[in-house]
Amino acid sequence: MVHLSHKFSTIPINFIPKQFSKHLPQQIQSQTTPPFIPFSQRQNQRSLLESQLISALNCCTSLTQIQQIHARILRKGFEQCCYVLTKLIRILTKMEIPMDRYAKLVFNQVENPNPFLCTALIRGYCLQGLVKESVFVYSEMRKKSVLPISFTFSALFKACGVVNDVDLGRQIHGQTILIGGFGFDLFVKNSLIEMYVKLGFLGCGRKVFDELPERDLISWTELIVGYVKAGDMESAGELFSELPKKDMVAWTAMVTGYAQNAKPREALEFFERMLHEGVETDEVTLVGVISACAQLGAAKYANWIRDIVENLGFSPTRCVVVGSALIDMYSKCASVEDAYKAFKVMEEKNVFSYSSMIAGFAMHGYAYAALELFHEMVKIGIKPNKVTFIGVLTACSHSRMVEQGRQIFESMEEKFGISPGVDHYSCMVDLLGRAGCLEEALNLAETMPLEPNGGVWGALLGACRTYSNPDIAQIAANHLFELEPNAIGNYILLSNIYASAGRWNDVLMVRKMMREKGLRKNPGCSWLETKKGVIQEFFAGDMSHPRYGEMKQVLEDLLNRLKAIGYQPNMNSIAYDVSDEEKRRILITHSEKLALAFGLLDINADFPIRIMKNIRICEDCHSFICRVSQITRRVIIVRDNLRFHHFHDGKCSCGNFW
DNA sequence: TTAGGGTTAG
């Protein structure tokens with residue numbers, strides 16, 4: 001049975017008047033007249049065929065299969081059947097098959113497209129980034145007087161979000177008001193809020209929200225997310241508390257919001273409230289909580305969330321997103337071994353899992369492992385992205401692997417088609433700088449094709465501190481003072497560099513700049529996880545700890561034992577022009593030393609002492625802790641603001657190069 | 001058919 005068009009789809013071919021038959025395709029004309037079949041039976045046959053085509057489309061797993069079904073659609077005379085064609089377009093969209101040519105073919109053939117077909121095309125184009133085509137389909141459907149449906153506008157708003165075109169969004173918003181009924185459609189309004197939020201027009205989103213005669217959970221959650229993305233957790237929280245009925249998604253938006261806005265403690269508090277109220281959690285919630293634990297960096301939190309994740313049945317083995325989040329968390333909570341265990345058991349690995357693991361190895365100084373993993377992912381066909389290269393280059397940088405770093409940097413564009421961004425240049429400046437090639441690093445910063453940012457000049461300034469080069473430091477610092485006038489760390493670094501060169505007048509000048517800007521030095525602060533799992537805080541120079549007397553005794557004993565094996569306090573670490581005696585006093589009360597003393601008193605000898613620090617570990621503390629690990633035979637792990645140092649038997653995993 | 005997700009350098 002062959003049919004001509006969707007419109008007359010129930011009319012069999014032999015009913016077509018003869019004068020039209022010459023327009024029919026050859027194969028159809030040549031058919032012999034089929035026997036007469038009653039109307040109801042013909043209809044049954046057609047709907048049977050239709051459902052067969054739909055199920056066949058549902059089973060497609062490749063473009064070739066889709067093409068075969070398309071041929072069948074044409075053969076069976078369904079080329080005007082919007083229902084089947086809509087399904088075809090949706091399948092193409094779902095499988096992310098570039099559909100431009102295909103969609104045009106379909107759209108040009110259909111005489112009377114229905115709103116569903118047009119909308120599927122608009123959505124498909126939009127999700128493939130072909131927004132102009134989306135808008136073209138919309139104008140075509142208007143020309144053909146096809147009335148849009150709510151989802152048409154929703155897809156169009158999404159398209160505007162993809163291309164960052166708020167003006168187009170506003171025009172389409174106008175259309176929703178012109179075309180009867182949509183001005184009050186909640187689904188359309190929600191999509192509009194989503195678009196405004198995505199494009200950063202939070203005020204416009206709020207206005208649409210406020211003017212809604214009624215709202216649903218989705219409207220509320222969209223706006224909450226808007227505030228989260230804008231970093232305004234206070235407004236997000238207010239809105240959340242006003243939300244009459246909260247579901248898992250809204251709760252999760254808050255948990256991840258706190259995690260994304262560097263408020264990990266609040267994220268955990270929210271998560272606990274969520275559990276307490278009996279709200280269900282899923283892998284998305286857990287990913288937010290895991291990320292918060294990673295920021296806290298304590299093994300205690302890592303173990304706590306590990307148990308929850310396992311109890312809920314989300315092991316890294318089965319869920320790639322949870323797995324990647326766990327890898328990152330374990331790396332940042334001092335256990336790169338646990339990170340690697342999680343990585344190994346993952347059944348599915350993607351660019352996120354590899355990049356997280358590479359960054360984890362880099363952070364702990366395992367450069368070779370990082371590089372090996374990078375080569376492995378390339379070999380098995382996982383394409384690295386920009387973030388992957390940051391990890392790989394950092395690994396090279398922290399292990400003085402200049403040549404490997406250079407090669408990888410060059411391969412980015414040549415082999416992987418990724419043009420290096422300013423952050424990659426900053427890694428390269430860091431790589432060269434750490435290796436002592438300060439002139440070359442300066443040259444790269446000055447000649448790179450992109451505008452260098454604070455990262456680039458900061459890397460150079462850091463290298464100048466390592467190699468005591470006040471002249472290049474001054475160049476880097478001048479750039480930094482312009483780019484980041486209020487970043488206290490840059491002033492401290494420059495002042496330290498001048499101090500170690502004995503240029504005390506310059507030190508005073510930097511101090512004056514800081515005073516004039518009203519900048520105050522961040523006090524050095526360290527944290528230690530005690531035997532009972534409590535996090536204790538230690539500030540530099542703080543003598544108010546209840547066990548300070550014991551801690552002081554421990555430090556003095558250590559100092560005497562270390563002096564006997566050749567340790568001398570490193571006065572260059574102090575950027576004050578004070579007496580040597582005063583420098584010694586300042587050095588011995590650095591926060592990491594206080595934490596170490598407490599750790600030695602509190603933590604059993606079989607366990608490592610884990611210390612976290614808010615700023616970079618100083619030279620003196622590094623060498624002090626190194627030797628302490630030798631004479632006490634203790635494993636001491638310090639996480640500073642950049643990376644980990646594993647001290648064991650008088651050696652550090654960073655190889656004294658950090 | 002619309003809302004929440006993992007990796008980033010000084």
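Chain letters run A, B, ... following the sequence lines, proteins first, then strands; residues in each count from 1.
Between Phe352(A) atom CZ and dG6(B) atom C1' the separation is 6 Å, expressed in whole Å. Rounded to whole Å, atom P of dT2(B) lies 8 Å from atom CD1 of Ile218(A).
Listed by residue number, Val225(A), Lys229(A) are the residues of residues 225-246 of chain A with a heavy-atom contact under 4.0 Å to DNA chain B. Within residues 473-486 of chain A, the residues approaching DNA chain B are Leu480(A), Glu484(A), by heavy-atom distance under 4.0 Å. Heavy-atom distances under 4.0 Å link DNA chain B to Gly458(A), Ala459(A) of residues 456-470 of chain A, given in residue order.
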I would like to know whether Asn190(A) and Asp216(A) meet side chain to side chain donor-acceptor pair (under 3.5 Å); could you show each step before the answer? CA-CA 9 Å; Asn190(A) 280 347; Asp216(A) 63 5; 3.1 Å; yes
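Taking the centre of each ring, Phe389(A) and Phe416(A) come in below the 6.0 Å mark. Centroid-to-centroid, the aromatic rings of Phe361(A) and Tyr340(A) come within less than 6.0 Å.
For dA3(B), the OP1/OP2 oxygens have a side-chain nitrogen or oxygen of Lys158(A) closer than 4.0 Å. Using a 4.0 Å cut-off, some side-chain N or O of Gln260(A) falls inside it from OP1 or OP2 of dG5(B). A sub-4.0 Å separation between OP1 or OP2 of dT8(B) and a side-chain N or O of Lys332(A) is present.
Heavy atoms of Gly454(A) sit under 4.0 angstrom from at least one base atom. Using a 4.0 Å heavy-atom criterion, one finds that Phe151(A) contacts the sugar-phosphate atoms exclusively. Base contact: Asp282(A) has a heavy atom under 4.0 Å from a base atom. Nucleic acid contact for Met248(A): base, since at least one base atom lies under 4.0 Å from a heavy atom of the residue. Across all strands, Arg215(A) comes closer than 4.0 Å to no nucleic acid atom at all (heavy-atom distances). Residue contacts for Asn190(A): at a heavy-atom cut-off of 4.0 Å it reaches a base atom on one of the strands shown. Ser191(A) comes within 4.0 angstrom of no nucleic acid atom, judged by non-hydrogen atoms across all strands. At the heavy-atom level, Thr285(A) lies under 4.0 Å from base atoms of the strands shown.
Of the candidate nucleotides dT8(B), dT2(B), dG6(B), dG6(B) has the atom nearest to the side chain of Val287(A). Residue Val249(A) has its side chain nearest to dA3(B) when only dA9(B), dA3(B), dT1(B) are considered.
Ring geometry for His364(A) versus Tyr366(A): interplanar angle under 30°, hence parallel rather than tilted (30 to 60°). Using cut-offs of 30° and 60° on the angle between ring planes, the pair His479(A) and Trp457(A) is parallel.
When the shell of 6.0 Å around CD of Glu280(A) is examined, it contains 12 or fewer heavy atoms from other residues, nucleotides or ligands. Within a 6.0 Å radius of NZ in Lys386(A), more than 12 heavy atoms belonging to other residues, nucleotides or ligands are found.
Taking OG1 from Thr394(A) and CD1 from Ile358(A), the interatomic distance works out to 10.5 Å, rounded to the nearest 0.5 Å.
No donor-acceptor contact under 3.5 Å links the side chain of Ser426(A) to the base of dA9(B).
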